[in-house]
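Remember, predicted model here, so these are calculated numbers, not experimental data. Side chains included, hydrogens not; waters and symmetry mates left out as well; all remaining heavy atoms used. Lettering of chains follows the sequences in order, A, B, ..., and the numbering in each one begins at 1.
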Number of protein chains: 2
Amino acid sequence: MSLPHAILTALLEKPSSGLELTRRFDRSIGYFWSSTHQQIYRELGKLERSGQIRALPSAQPARGQKKEYEVLPAGREELAAWIALPEDPRPVRDPLLLRMRAAAVVGAEGLGAELRRHLALHRSQLEEYLRIEERDFPPERTADEDRLRHIVLRGGIDMETFWIGWLTRALADEPVLREGPAALDEPAPAEG
Amino acid sequence: MSLPHAILTALLEKPSSGLELTRRFDRSIGYFWSSTHQQIYRELGKLERSGQIRALPSAQPARGQKKEYEVLPAGREELAAWIALPEDPRPVRDPLLLRMRAAAVVGAEGLGAELRRHLALHRSQLEEYLRIEERDFPPERTADEDRLRHIVLRGGIDMETFWIGWLTRALADEPVLREGPAALDEPAPAEG
DNA sequence: GCGCATTGTGCAACAAGTTGCATAATGACG
DNA sequence: CGTCATTATGCAACTTGTTGCACAATGCGC
């Protein structure tokens, strides 16, 4: 699985404590492999026990005390090997597409509002990616790692662009999705 | 979660046994919510116990004996309610993007071959979707459910198109990904 | 020095998904 | 009739991911 490799990557970029990792998983790395602090702590324990990372000597092992980790050679080798490993794209599991499919049999009541909500979310995520691109990848610099990281970011950009395009098209093409904006609390027209 | 709703949708489209569902989850529904027979049998049990589906009377409850299920009113209501429920897009967890990010720190050895392999897989999936589109959605017919199902299929088409575009661009733009095709068994140049 | 928010680590229980295997009926082959 | 492939259902154990909470240190206001 990928979580240990996500952690190794993050630690190679910069040795960190569990909480620092958690925060970085809420931005950067986490855009492509999200995780909670729970999983991260658990996985850090496993990686330490298997000799792929170690706590920096400076850090005491007391509870509530910061503990920084760094990657050991074994961890780096594991990560490098994993990169070349054949692994098929995971089968899609998307609740929104599924809901639309369900709407085809039981009616699309309320689905249009959800689509518009998702559209807004994807637009704002796209904006964030574009801000990051502007900040971190100005046209000139082209070190190898920078280019690879830029391509990853473009993956995010392209993905959001795909969703925005699909949602927009769906809303434009499909009359049954064009209901009012979720009509909170409004009493049912006939039985009030 | 979505598996029970995926099953309800499938059963509304057509009452089925566990194995039939499993097979349909390998095509159609499964393109957007994949699942194994294990999960499906387990979930069928739960749905039956909670009164959302029932076994058709004709089917005996013996092991190794086919058992067909149909959706009860409670199940249909549950499904209709779920459609309107606000649920954010799930955070992305994509191993390929992660691997590319890892490659930025430990080297892209073997990654190019993986990208090309994925590119081929996405191309073939796209072809399949286009075949289905041609077969099931000729330009004329426009019943409501048909249009919704068509939009879902277009979701798949657009998603594959996004991947193909991103992979193609990555391979074109990034020299370090342009290695030979995986160079199996070839001894290391300097230390043979 | 005491209360309190913040930072930080972690356990426990649960939910969802995967893997491997067991078991039963059924029909075809010889 | 016996064996064997196929269809079909299902248990058990495991891995991965989530949720809720407990507990320890640290620094700040008073």
Original post:
When B:Ser16 is tested against each of B:Glu68, B:Arg24, B:Lys66, B:Glu70 for side-chain hydrogen bond (donor to acceptor under 3.5 Å, both in side chains), which residue passes?
Top reply: B:Arg24
**OP:** Under 4.0 Å from any atom of DNA chain D, heavy atoms only: list the residues of residues 26-43 of chain B that qualify, in numerical order.
**Re:** B:His37, B:Gln38, B:Tyr41, B:Arg42
Original post:
Excluding sequence neighbours, so at least two apart, what forms salt bridge (charged side-chain N to carboxylate O under 4.0 Å, His left out) with A:Arg117?
Top reply: A:Glu114, B:Asp88
Subject >> B:Leu44 CG to C:dG17 P, straight-line distance once rounded to whole Å >> reply: 15 Å
Subject >> Euclidean distance, atom NZ of residue A:Lys66 to atom P of C:dT6 [Å, nearest integer] >> reply: 18 Å
Original post:
If you look at every strand shown and take non-hydrogen atoms under 4.0 Å, does A:Arg90 touch a base, only sugar-phosphate, or nothing?
Top reply: nothing
Subject >> Integer-rounded Å distance: C:dG10 C1' and A:Tyr69 OH >> reply: 10 Å
Subject >> Within residues 2-22 of chain A, residues whose heavy atoms come under 4.0 Å of DNA chain D >> reply: none
Original post:
When Watson-Crick pairs (N1 to N3 and N6-O4 or O6-N4) and G-U wobble pairs (N1-O2 and O6-N3) count only below 3.5 Å on both distances, what is the dot-bracket string of DNA chain C, with | for other-strand pairs?
Top reply: ||||||||||||||||||||||||||||||
Subject >> Contacts of A:Val106 that satisfy side-chain contact (heavy atoms from CB on, under 4.5 Å) - sequence neighbours left out >> reply: B:Leu12, B:Arg76, B:Leu79, B:Ala80, B:Ile83
Subject >> Length of the NZ-P vector between A:Lys46 and D:dC14, whole Å >> reply: 13 Å
Original post:
Can you list every pair that meets ring-ring contact (aromatic ring centres under 6.0 Å, His included) and has a residue in residues 75-101 of chain B, with sequence neighbours left out?
Top reply: B:His5-B:Trp82
Original post:
How many Å lie between CE on A:Met1 and C1' on D:dT18, as a whole number?
Top reply: 15 Å
